Number of protein chains: 2
Amino acid sequence: MPKLEDVAKLAQVSKTTVSRVLNRRGYLSQATIEKVYWAMEQLDYHPNVVARQLYNNKTNLIGILLPTVADPFFGELSFELERQLYEQGFKVLIGNSMNDPQKEANYLDQLLIKQVDGLIVGTHNQGLKQYHRQQLPVVAIDRIVNEDIPVIASDNYRGGWLATEYLVQQGVTHIIHTNGPHDLATPAKQRRTAYEEVMQKANLTPVTYELDFNISPTQKQQIFRRIFVEHPKVEAIFASNDTDAILIQQVAGELGRKVPADLLLVGYDGTKMIRNLDPQLTTVVQPIEKMAQLAVKILQQRLHKQATETQYLLPVKLHQGQTGSKLKTRD
Amino acid sequence: MPKLEDVAKLAQVSKTTVSRVLNRRGYLSQATIEKVYWAMEQLDYHPNVVARQLYNNKTNLIGILLPTVADPFFGELSFELERQLYEQGFKVLIGNSMNDPQKEANYLDQLLIKQVDGLIVGTHNQGLKQYHRQQLPVVAIDRIVNEDIPVIASDNYRGGWLATEYLVQQGVTHIIHTNGPHDLATPAKQRRTAYEEVMQKANLTPVTYELDFNISPTQKQQIFRRIFVEHPKVEAIFASNDTDAILIQQVAGELGRKVPADLLLVGYDGTKMIRNLDPQLTTVVQPIEKMAQLAVKILQQRLHKQATETQYLLPVKLHQGQTGSKLKTRD
DNA sequence: TTGTATGCGTTATCAA
DNA sequence: TTGATAACGCATACAA
């Protein structure tokens, strides 16, 4: 690999001059500029990024820490984040904690130790005090990590409200909700809060099933079967994500209940992937692209030591497919 | 951020000694070792990775270049690759070319320029001679890039054979196949070859629809509708991937054809995501995890300048769901 | 307009 | 068993 010095020698100038040409700094005569470019081309020279990183004490690397990528929501989120960051000139180091606190801690150690300039986290596990150590700029997505870390989320309360209200308006009364474990500090809990409030306002009894994050689809199916056993009168289910909704639809099918005739179903997330695969699923759509966009913007502010809010809420909307209503919806 | 020198000062030894303790090299008295560890702890010292990279001329970074992550196959592949690489002590830089040659070239420039120690590529665009420049170790997955780059793929011919043969055995005769553009040098073309050979052997007429990679789901649906218009007698479709299969199923439904009663359907890929979402889909399962594993193993060999084969073929199997046969399959 | 010398944080060589 | 020093490749302050 040729280095600055080789170019300098070939162009018969000093390293400094080459560096200047490279970074377009200071005064330079057109003649030398051309000489240097010529030499760089001859040698197929490319600046050594690592050396630059050492000098600038910056890596231009952003770490992304997500619980999983198997869930389409996080898959799409990670994709969008990566795209946005790339456009801003950053490279991305991705870590999937797989909902494993140990694995998350490992990744974090790896990333923190001066490898990344900033961090975007969407992991569940809290208590990671290391986050705000070392002045490392951090932004959280959809997760509350820490007091002084800005959180980007969509309006989960509004999403839960929209979904539940929509079901209530369909005239059904036995509406069940599935959600994550209640001991987790995630904004997604507000979907449940909204669900319960809407239910109570309508004089209905809220019933929430809590599902652990790291259980297999098979185990989930078993829990969903239990819903129908324990609540045979169930008329509608508001699932906390689309994959669960689809699993529920299958389980319902097995048990002889057709959606939406015998069971109304509303999911959550509205990823492109699911909407391509199952466009008829009624679901609350999170603005994933905008969330990623905003996360990157806020991270930039942090990187430039600008002040930021502590929370950002993005609007959601209800995608009315066919699973949430017995009435024929307009096409 | 504390550096080696700070630790040295606090422990009252030289930088060299601290470095020795850090890397367990050379002779050291127990007393100094403990002194140094104590100092490192005091300062919460972590070695500067970038400085190490500069000295060693190695980044421990592997680039992954994939055409898209929206397709579950590549999504799962990228996830598995990342997991395997992480376990081997590598960090991963991911680039999604989005099937855009320009974007791929950009990513490549970024990655090649001495930022990554190796590359795993699964992109479509060939003619990228830069790949084998600079001795950079490269491994290709599911794509033929270049003579001297090892290719990891599953047995696409066998997969196409399994799918087509299975459909032929169902007694149907009008079997249509969808595949990517024929001018692309991908192993996936062998699915088509196998399809055509099996059809001809059975005295049936092969019909293949070619779909561009970067067209929208909506456009794809239109093409699929055309299949039913142009071939009203179609009894079965062997799609080149699962998402297409699912889109076809939807289009068929719209047109009043039920799967499998009025149309047999076999997909390709068998990702966990799709099998969770739609377990009844009959499909050819690619061993994604094993492919990732092997890719990383071969890359390691290349990194250590060991010889490698030029091609590696992994076995596939047919997942018999319910969409590929009118007969009731055993549960 | 261009060049010299120094430092970024680490590791290795050689000497003590 | 330990320490001084050079080197990795680049970019800047300062000098010319």
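Order of the sequence lines fixes the chain letters, A, B, ..., with proteins taken first and strands second; residue numbering starts at 1 for each chain. Please read all numbers here as calculations on a predicted model, not as lab measurements.
Listed by residue number, there are no residues of residues 6-13 of chain B with a heavy-atom contact under 4.0 Å to DNA chain C.
A side-chain donor-acceptor contact under 3.5 Å links Asp71(A) to the backbone of Phe73(A).
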Could you walk me through whether Ile62(A) and Leu93(A) pass the side chain to side chain contact (heavy atoms under 4.5 Å, CB included) check? CA-CA 6 Å; Ile62(A) 302 293; Leu93(A) 237 41; over 6 Å; no

For the pair Glu34(A) and Gln30(A), evaluate side chain to side chain donor-acceptor pair (under 3.5 Å) and give the outcome as yes or no after the intermediate values. CA-CA 6 Å; Glu34(A) 274 159 22; Gln30(A) 193 56 36; 3.2 Å; yes

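Of all non-hydrogen atoms in Thr308(A) and Gln301(A), the two that sit nearest each other are CG2-OE1, 3.4 Å. Scanning both residues, Ala140(B) and Ile149(B), for their nearest heavy atoms gives N-CG2, 3.8 Å. Closest approach of Pro67(B) and Thr123(B) over heavy atoms only: N-CG2, 3.8 Å. Annotation for Lys103(B) and Arg83(A): closest pair NZ-CG, 4.2 Å, computed over non-hydrogen atoms.
Within the 4.5 Å cutoff, no side-chain heavy atoms of Val7(A) are placed close to those of Val21(A). Contact annotation: the side chain of Leu108(A) approaches that of Leu119(A) to within less than 4.5 Å [non-hydrogen atoms, C-beta and beyond].
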Sugar-phosphate or base contact per nucleotide [nucleotides 11-16 of chain D; S, B, -; heavy atom under 4.0 Å]: BBBB--

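Here the C1' atom of nucleotide dT11(C) and the CZ atom of Arg24(B) are 16 Å apart, to the nearest Å. Between the CG atom of Leu54(B) and the P atom of dC10(D) there is a distance of 9 Å, rounded to whole Å. We find that CD of Glu5(A) is positioned 14 Å from C1' of dG3(C), with the value rounded to whole Å. We find that CD of Gln115(B) is positioned 16 Å from P of dG9(D), with the value rounded to whole Å. The distance from atom CD of Gln53(B) to atom C1' of dG9(D) is 13 Å, rounded to the nearest whole Å. The separation between Asn48(B) atom CG and dG7(C) atom P is 18 Å, rounded to whole Å.
The side chain of Ser14(A) places no N or O atom within less than 4.0 Å of a non-bridging phosphate oxygen (OP1 or OP2) of dT4(C).
For Ser29(A), the side-chain atoms get nearest to dT1(C) when compared with the rest of dT1(C), dG9(C), dC10(D).
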